Amino acid sequence: KNEVEQSPQNLTAQEGEFITINCSYSVGISALHWLQQHPGGGIVSLFMLSSGKKKHGRLIATINIQEKHSSLHITASHPRDSAVYICAVRWRNFNKFYFGSGTKLNVKP
Amino acid sequence: KAGVTQTPRYLIKTRGQQVTLSCSPISGHRSVSWYQQTPGQGLQFLFEYFSETQRNKGNFPGRFSGRQFSNSRSEMNVSTLELGDSALYLCASSFRLTGKSPFFGPGTRLTVL
């Protein structure tokens with residue numbers, strides 16, 4: 001059983017579409033991270049959440065602690081958003097990280 | 001500020017050998033964590049260091065070890081390499097142990113033949 005489940009695994013969108021990636025987790029957490037990984041391997045940390053909602057440019061991340069669920073939204077998607085998006089949680093009890101399997105996003109022009 | 005650097009970027013080893021990977025965190029960052037990424041298992045947490053002490057450890061065998069120096073630079077070592085150790089090894093640094101988004105390095109791609 002995975003502690004972190006992401007959906008969908010693959011997502012193809014047309015430029016300009018609104019995109020949502022979901023993350024559900026089963027453990028009590030101290031924080032949830034959304035990561036972006038481009039081809040070639042480089043990872044960028046997009047958001048760290050412990051409650052509520054954060055926004056950065058066209059990216060919005062929300063978290064519902066009671067429901068153990070987070071979403072990453074991309075408004076007005078662009079081909080440069082094409083990447084793998086990974087949800088990671090820091091488990092409160094043992095302070096360890098668990099990762100989702102990632103969502104591969106392809107935005108077509 | 002320079003980003004997180006990892007050396008070497010690429011490495012080819014044979015089974016049974018050992019390997020040491022290096023990570024230099026962003027200046028002022030005292031927390032360094034290590035991750036393994038494979039196509040089959042995805043990203044997995046290896047261990048985390050803060051102020052030269054290992055604070056957290058993932059579920060990896062004892063062949064995987066690490067350390068952190070007084071300047072916050074960190075090394076990880078894998079002994080008796082197995083084919084399954086072929087992976088991208090990423091390190092990340094942050095100012096504090098918890099509560100801050102980590103900055104990731106470019107990774108070291110290890111191939112075990």
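All figures in this text were calculated on a predicted structure; none of them were measured in a lab. Reminder, nothing fancy here: chain letters follow the sequence lines and each chain counts from 1.
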[X] atom [atom1], over 12 foreign heavy atoms within 6.0 Å:
{"X": "Arg15(B)", "atom1": "CZ", "result": "no"}
{"X": "Arg73(B)", "atom1": "CZ", "result": "yes"}
{"X": "Lys57(B)", "atom1": "NZ", "result": "yes"}
{"X": "Phe103(B)", "atom1": "CZ", "result": "no"}

Which atoms of Leu43(B) come close to chain A, meaning under 4.5 Å heavy atom to heavy atom: side chain ones, backbone ones, both, or neither? both
Checking Gln37(B) against chain A: side chain, backbone, both or neither under 4.5 Å from a heavy atom? side chain
Step-by-step side-chain contact (heavy atoms from CB on, under 4.5 Å) determination, Tyr35(B) to Ile43(A): CA-CA 11 Å; Tyr35(B) 308 88; Ile43(A) 291 182; over 6 Å; no
Could you report the tightest heavy-atom contact between Ser45(A) and Pro102(B), atom names first, then the distance? CB-O, 3.3 Å
In one Ile/Leu/Val/Met/Phe/Trp/Tyr side-chain cluster, 4.5 Å: Ile60(A), Ile19(A): no
In this structure, would Val19(B) and Ile12(B) fall into the same cluster of hydrophobic residues linked by side-chain contacts under 4.5 Å? no
To the nearest 0.5 Å, how far apart are OH in Tyr98(A) and CD in Gln44(B)? 10.5 Å
What's the separation between atom OG in Ser94(B) and atom CE in Met48(A), rounded to the nearest 0.5 Å? 9.5 Å
Side chain from CB out, backbone as N, CA, C, O: work out which of these in Leu35(A) comes under 4.5 Å of a heavy atom of chain B, or both, or neither. side chain
